[in-house]
Amino acid sequence: MRITVIGTGYLGATHAACMAELGFEVLGLDVDPARVVSLSQGRLPFHEPGLPELLKKHVESGRLRFTTSYQEAGAWGDVHFVGVGTPQLPGSGAADMSFVESAVLSLAQNISKDSLIVGKSTVPVGTARRLREIIRENKRPGVSVDIAWNPEFLREGFAVADTLAPDRLVIGVASPEHESVLRQVYAAAIADGVPLIATDFETAELVKVAANAFLATKISFINAFSELTEIAGGDIRTLADAIGLDERIGRRFLNAGVGFGGGCLPKDIRALQARAGELGLERSMRFLQEMDQINLRRRARVVWLSRSMLGSLSQRNIAVLGITFKPDSDDVRDSPGLDIANKLFEDGAEVTVYDPAGNANAHRRFPHLNYLGSLRDAVKNAELVLVLTEWEEFKALTPESLAALTPARKIIDGRNILEHSIWDDAGWSIGSLGRRYWPARNVPSQDAAQLEVSSGSVP
Ligand code: UGA
């Protein structure tokens, strides 16, 4: 069985390399010639642990090739996976479906042997059925082409493991034959005991967005309680630990902090609301609007906390550590850290930024920020240090190691990864999300009083 993968972003490049690892011959297609050249030379244009090795291995073995030609892909492949992006449309919460539509149309027009198109992109419910019509109307006469939907649940940073050994496989199929084709593709995982759920198109499409909506809700749920503990007192981490011990709740995705970002959770909850609205069910998914708001308020809270800890932001030196949306990624799409850095800049602060992998991507997005190549350089003149992504390098910080690099004695722990009592004992002022702000013992008492008063009107 020959496999093509249309779109070679995170999802597509990972899927293509993993399919080659499973023993299939794979052809990856991208409309970006530069990306195809880079991948064909075994160079991955983004950061994903374990993937460069896999790509190199299978480009060298000849099992994995790349092209820009739909004609080549349509004549060669038996199963065509579509993993192109569905970004948020500017000025709307809805998903931009133009890349998926164009990929499926191009495939339909170019497929010259009986094949199955398998959608992997995250799409609004109803898409597969609509694309099926596009395929019927545009395929070549005498060639059998149909569609199935197989959502992807990979996490950035764990993309290879999540693809080769997923929690579950979900396929939306219109016939037992298509189910059998996909069972062959995933035979190794199924043999290892990975559950496969075969269902209709709509369920398969919805499983994906429901999973991401649930995860976003879980994060915003704990962050809403952060808003309470910040004012009422209490420790959000202990609260999360305690409720998480209830197996029905579970501790994962209850890490309070600056909230969720990335190319998936934020846009998926917005697209789901938009789709529900189109179906006349705006109310059913309205709670997601609140989840989105809670999430964005966390970013405003860090800006507020920074201003409170410094007295004002204008021309104050702030070092931002961590601007990717999560560690082990160079992805800065809708990143809380980068958003906060930019807001501080807009409010007049002198912002220096350091991230172990995200500087280059962030520079393309916000070129006006001052990116530095090391933690040491970023904090050199800082008055306040912000830790906004939980990279290992930042988790390992101690009051002593940081004090040796910076005059700052103020820090905000945006991910709840530092042991506050240690910093407090060492004379630092430490602000965090989900815990009341207690200034360092050496802060004059009237400043502390001011902070207590203003905390009543926090964002
Ligand atoms: C997410 C889902 O976890 C994957 O299952 C899904 O396949 C993927 O989206 C997708 O739709 O393609 P990903 O965007 O890689 O994966 O990132 P997550 O690990 O889910 O983290 C999302 C955000 O939530 C990050 O900004 C992270 O820092 C934040 N987060 C996560 C928290 O703030 N608290 C937590 O407890 C967990």
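By convention here, the first residue in the shown sequence is residue 1. Indexing begins at 1, ligand by ligand and atom by atom, following the structure's order.
Judged as a side chain to side chain contact (heavy atoms under 4.5 Å, CB included), and not counting sequence neighbours, the contacts of Glu419 are Arg237, Ser421, Ile422.
Using a 30° and 60° split on the angle between ring planes, Tyr354 and Phe394 fall in the perpendicular class, above 60°.
For Phe366, the CZ atom counts as densely surrounded, since its 6.0 Å shell holds more than 12 non-hydrogen atoms of other residues, nucleotides or ligands.
Residues Ile222 and Asn255 form no side-chain contact, since every pair of their non-hydrogen atoms from C-beta on lies 4.5 Å or further apart. Counting heavy atoms from C-beta on, the side chains of Glu392 and Pro327 never come closer than 4.5 Å.
If you check the side chains of Tyr186 and Asn150, you find a donor sitting under 3.5 Å from an acceptor.
Every protein residue with a heavy atom nearer than 4.0 Å to ligand 1 is included here: Glu152, Phe153, Leu154, Arg155, Glu156, Lys208, Asn212, Leu215, Ile219, Phe253, Leu254, Asn255, Gly259, Phe260, Gly261, Cys264, Leu265, Asp268, Phe325, Lys326, Arg415.
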